[in-house]
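Just so it is clear, the values below take in all heavy atoms, side chains as well, and ignore hydrogens, waters and symmetry mates. Naming convention: chains lettered A, B, ... in sequence-line order (proteins, then strands); numbering from 1 in each chain.
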Number of protein chains: 4
Amino acid sequence: MLNRVILIGRLTRDPELRYTPAGVAVTQFTLAVDRPFSNQQKEREADFIPVVVWRQQAEHCANYLRKGRLAAVEGRMQVRNYDNNEGRKVYVTEVVADNVRFLESANSQNQGGGGGAARDEFAPPAPSQNRSFGGARNNQDPFSDDGKPIDISDDDLPF
Amino acid sequence: MLNRVILIGRLTRDPELRYTPAGVAVTQFTLAVDRPFSNQQKEREADFIPVVVWRQQAEHCANYLRKGRLAAVEGRMQVRNYDNNEGRKVYVTEVVADNVRFLESANSQNQGGGGGAARDEFAPPAPSQNRSFGGARNNQDPFSDDGKPIDISDDDLPF
Amino acid sequence: MLNRVILIGRLTRDPELRYTPAGVAVTQFTLAVDRPFSNQQKEREADFIPVVVWRQQAEHCANYLRKGRLAAVEGRMQVRNYDNNEGRKVYVTEVVADNVRFLESANSQNQGGGGGAARDEFAPPAPSQNRSFGGARNNQDPFSDDGKPIDISDDDLPF
Amino acid sequence: MLNRVILIGRLTRDPELRYTPAGVAVTQFTLAVDRPFSNQQKEREADFIPVVVWRQQAEHCANYLRKGRLAAVEGRMQVRNYDNNEGRKVYVTEVVADNVRFLESANSQNQGGGGGAARDEFAPPAPSQNRSFGGARNNQDPFSDDGKPIDISDDDLPF
DNA sequence: TTTT
DNA sequence: TTTT
């Protein structure tokens, strides 16, 4: 009935932009959110929370976010499940974001490094005809490295 | 850095109260949270979100919440993982609540039914010595039906 | 940059539905939100928080909410100011809701009383041509009892 | 019953640290929170939201926040009222924070400037005996520039 | 009275 | 599989 999540944390990797068969943009990344206090102060701890962003914001995230950057995410918790290749039900919990704020600009000290970004971080997103074309052409499985099903479906669209 | 979740939904079952070896109360339940809109309006959908409550609120929840009741939960998202019996890492996402509100009183129409509740829903919680005794004696695995590890540890205490 | 409020409380009065000159529906009510703990446990305390709802939800609120009912409100804090009749700047803080949940149905025990509601609480909202007509004709000041300016403007529309 | 606010914005001025007669630290500042979209895109708009922080976090804020800095604030909305010198009831709405996150460190480009900060931003807070002494001695009215009553009372303590 |  |  009401489902609201707000997170501030850092990207563990560069975001991954994919497209559904119908050409809808979707970006995934994981946010490392430090816990307020570790139990016995042993080591510092964080929760690693998967985030999904759709449509125009997906492209903004892909263009302006990078590994290590600080971001605020507002959305809702979603629990999906599917049967893995051993016939076992696997549950996946993600935050479906409807609002992402970039809390560090690209000219901060925190460049994510690793060199050789082919993509200009400040270029506006490519025109949408191109994007939906490119998107439809992208036949890699979007979420496979998370053990999620091969094909991202337009049924997953949250709105 | 910031991690806040607010949910309103209905319990899918009666809450389960357990105790850590050190005698700390912990209650688990799952909240069914209706999604704002199903994609193609096919059938009604909900997210089923596991909630963990600690200490005094754990006992309040066990005493006053029942299957089917409406509740508001405020807390943070937590992602745990453990190795299952096939040596595979399993990820568990829960909401660790620091605030639970009961939005339906026990004398509402929505009793959860199923008859024969031995426990008086309006009785004050039993004295804590008894409870922590009983708790420490309870050697069933608390989270087993979710595929979580047998023993709940005091290391899981959020504060 | 990010502005999110979530409240659960009870209406202090029946909601008031008005219309802007352009015929956009807007409803106002005040939510009494109990404080978690009074300071010295003297008497029970609450915050009385003004809420504004626009468009379709405004009409739902007017139709289904009543004084005393429990509701959840999600929105953003807004601070307006205007010059009062003594030429002094007055600040008004409200929650502009984008999501209102009715936590008690009309057939609960909590009817708000006062007798003689002419409006059927479960009737669907009147057809929109009528409403916007009636709205445009309603030339009472919408927010006057709160000391707010006489005319509600279409400039106040949040989206 | 539930009252939660999360804001991200920039301080409009340096925070002001005061102490209650009993020596409890309290800091006030205003957060400028940009609105998601101005109505007709005329000019950019923001809400200016007063924030109050108590105890240890009050001192952290006074030490590490400055005008112009980005911060995240988590807390609850509080509506106070008092009678002004014309015998008129004035309502004051603030966010009582229980969690403040500094989203820009002091060595960012965004120094707030204005020269001559006597206080070292990275020095740890002064020892608490001194602080509560200094605090108790501070008999200026803490909130006077907001038109609030002269004396801040220990009754205002939220917990 | 307002911030980037 | 994880971020500063």
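Counting to the nearest Å, the P atom of E:dT3 and the CG atom of A:Leu103 are 20 Å from each other. Rounded to an integer number of Å, the gap from A:Arg101 CZ to E:dT3 P is 19 Å. Counting to the nearest Å, the C1' atom of E:dT2 and the CG atom of D:Leu31 are 11 Å from each other. Remark: C1' of F:dT3 and CD of A:Gln28 are 17 Å apart, rounded to the nearest angstrom. Rounded to an integer number of Å, the gap from CD of D:Glu16 to P of E:dT1 is 17 Å. D:Phe29 has its CZ atom 15 Å from the P atom of E:dT4, to the nearest Å. Rounding to whole angstrom units, CZ of residue A:Arg10 and P of F:dT1 are separated by 23 Å. Rounded to a whole Å, the CZ atom of D:Phe102 is 17 Å from the C1' atom of F:dT4.
For A:Thr12, the listed nucleotide lying nearest its side chain is F:dT3; candidates were F:dT3, E:dT3, F:dT1. Among the nucleotides E:dT2, F:dT4, E:dT3, the one closest to the side chain of A:Asp34 is F:dT4.
A donor-acceptor pair under 3.5 Å links the side-chain atoms of A:Asp14 to the main chain of A:Lys67, judged by distance alone.
Checked against salt bridge (Lys or Arg N to Asp or Glu O under 4.0 Å), D:Arg101 has no partners two or more places apart in sequence or in another chain. The salt bridge (Lys or Arg N to Asp or Glu O under 4.0 Å) check on A:Asp47 picks up A:Arg35, B:Arg76, with sequence neighbours excluded.
Under a 4.0 Å N-O distance rule, the pair D:Glu104/D:Arg66 does not qualify as a salt bridge.
At the phosphate of F:dT1, OP1 or OP2 sits under 4.0 Å from a side-chain N or O atom of B:Lys89.
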